[in-house]
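Atom set for the values below is all heavy atoms of this structure, side chains included, hydrogens, waters and symmetry mates excluded.
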Amino acid sequence: MIQFAFSQTNNSDQAYYTAFDSIVGQVNSSLFNGKRYVDKYRSTDDNHRFFWKSKFIKGDVTYYQQPFFNIDLKYDLFEDVLITKLPGEKNFFNMVFTTEHLKQFNIQGHHFINITSVGETSFKGFAEILYKGTEIVLLKKWFKDKSDRIVGQSVVHKFDVNFIFLVSFNGKLDVINSKSDLKKLIPDKSNEINSFYKEQKSVLKSDPDSFMKQLIIQLDNNIINGSNKDL
């Protein structure tokens, strides 16, 4: 059984917290409790270190156990930190959320959680939830690699996006780079995993997110139904 829970905030709760922030002021709340963020590298629309785009995007966070809605966010994939900016006259000040107190956030329709809430792992930072089942959770860990090259008298920094899949099962979180990794994590389902990889080979190449999600849903459902052993 997966031991961690996700916040389910209904419309009335959201309205309450939004009203609270407007009365107290977000700057005076726990939202702006973090360090200043300084981007050392010049960003362009097609070359930057952030998730989705280099500009701030409206999103939601749960920080110090309190939800905040419709605030400016940027997710730095190179340093694996979430950034916001102060409203009003202080909007020039960009702030890094303290990772250990940031439970989850939503940005551009993607739901990210703090990896430490999932299970035993050496990973830190955040990962996107692709599927949360009863027994298995599938995460996608985004990151960006930086390469440098000299152009004239300047150093040009290039950022390339990449990702890995993480699967949580029986309280353990493992990297899944191949079917061998998944069979090692869930050995009782080895034959089922082999069959799925063989039958869905084209999906794996064209849409790895969909491939992994379908496979994990199938495995999770079979475990729930008591089919723990391969037939």
Whichever hydrophobic residues join Phe159 through chains of side-chain contacts under 4.5 Å: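 Listed partners: Tyr41, Phe78.
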Could you pull out all residues at least two apart from [X] that satisfy ring-ring contact (aromatic ring centres under 6.0 Å, His included)?
X: Tyr75; result: Phe105, Phe112
X: Phe123; result: none
X: His101; result: Tyr64
X: Tyr37; result: none

Please give me the minimum heavy-atom distance between Asn94 and Lys85, naming the atom from each residue.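 Of all heavy-atom pairs spanning Asn94 and Lys85, the closest is OD1-CB, 3.4 Å.
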Hey, what do you get for NZ (Lys141) to CG (Asn162), rounding to the nearest 0.5 Å?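 Separation between the atoms: 12.5 Å.
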So does Lys146 have more than 12 non-hydrogen atoms from other groups sitting under 6.0 Å from NZ?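 Above 12, so yes.
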Any side-chain heavy atom of [X] sitting closer than 4.5 Å to one from [Y]?
X: Phe165; Y: Leu139; answer: no
X: Leu82; Y: Val96; answer: no
X: Asp174; Y: Phe169; answer: no
X: Val81; Y: Phe97; answer: no

Sequence neighbours excluded, every pair satisfying ring pair (Phe, Tyr, Trp, His ring centres under 6.0 Å) that has a member inside residues 175-196: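 Of all non-adjacent pairs touching residues 175-196, those that pass ring pair (Phe, Tyr, Trp, His ring centres under 6.0 Å) are Phe196-Phe211.
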With Asp209 via side-chain hydrogen bond (donor to acceptor under 3.5 Å, both in side chains) - residues at least two apart: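 Applying side-chain hydrogen bond (donor to acceptor under 3.5 Å, both in side chains) to Asp209 gives Lys140.
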Decide side chain to side chain contact (heavy atoms under 4.5 Å, CB included) for Phe56 and Ile71; before the verdict, give the C-alpha distance in whole Å, the side-chain angles of both, and the deciding distance to 0.1 Å. CA-CA 9 Å; Phe56 280 98; Ile71 61 174; over 6 Å; no
Cation-pi between Lys74 and Phe50: NZ/CZ under 6.0 Å from ring centre and within 45° of the ring axis?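 Cation-pi check for Lys74 and Phe50: passes.
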Ignoring hydrogens and geometry beyond distance, is a side-chain donor-acceptor pair present between Ser210 and Gln214 at under 3.5 Å?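 There is such a pair between these side chains.
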If you measure only the distance, is there a donor-acceptor pair under 3.5 Å linking the side chains of Glu128 and His111?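 On atom types as modelled, these side chains do not qualify, holding no pair under 3.5 Å.
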Among all residues two or more places apart in sequence or in another chain, which pass the side chain to side chain contact (heavy atoms under 4.5 Å, CB included) test with [X]?
X: Asp160; result: Ser147, Lys158
X: Thr44; result: Asp46, Asn47
X: Ser178; result: Ser180, Asp181

Listed by chain and number, what are the salt bridge (Lys or Arg N to Asp or Glu O under 4.0 Å) partners of Lys58, not counting sequence neighbours?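 Checked Lys58 against salt bridge (Lys or Arg N to Asp or Glu O under 4.0 Å); matches are Asp72.
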Residues two or more places apart in sequence or in another chain: which of them pass salt bridge (Lys or Arg N to Asp or Glu O under 4.0 Å) with Lys53?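 Per chain and number, Lys53 pairs via salt bridge (Lys or Arg N to Asp or Glu O under 4.0 Å) with no residue.
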So, Arg49 and Asp39, do they make that salt bridge, N to O below 4.0 Å?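 Answer for the salt bridge query: yes.
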Backbone N/O of Glu135 and side chain of Asp220: donor-acceptor pair under 3.5 Å: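 Yes, because the side chain of Asp220 sits within donor-acceptor range (under 3.5 Å) of the backbone of Glu135.
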Is Asn114 reaching over with its side chain to a backbone N or O of Phe126, donor-acceptor style, under 3.5 angstrom?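 Checked: no pair found.
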Val167/Leu173 under side chain to side chain contact (heavy atoms under 4.5 Å, CB included): CA gap, chis, key distance, verdict: CA-CA 6 Å; Val167 171; Leu173 187 69; 5.8 Å; no
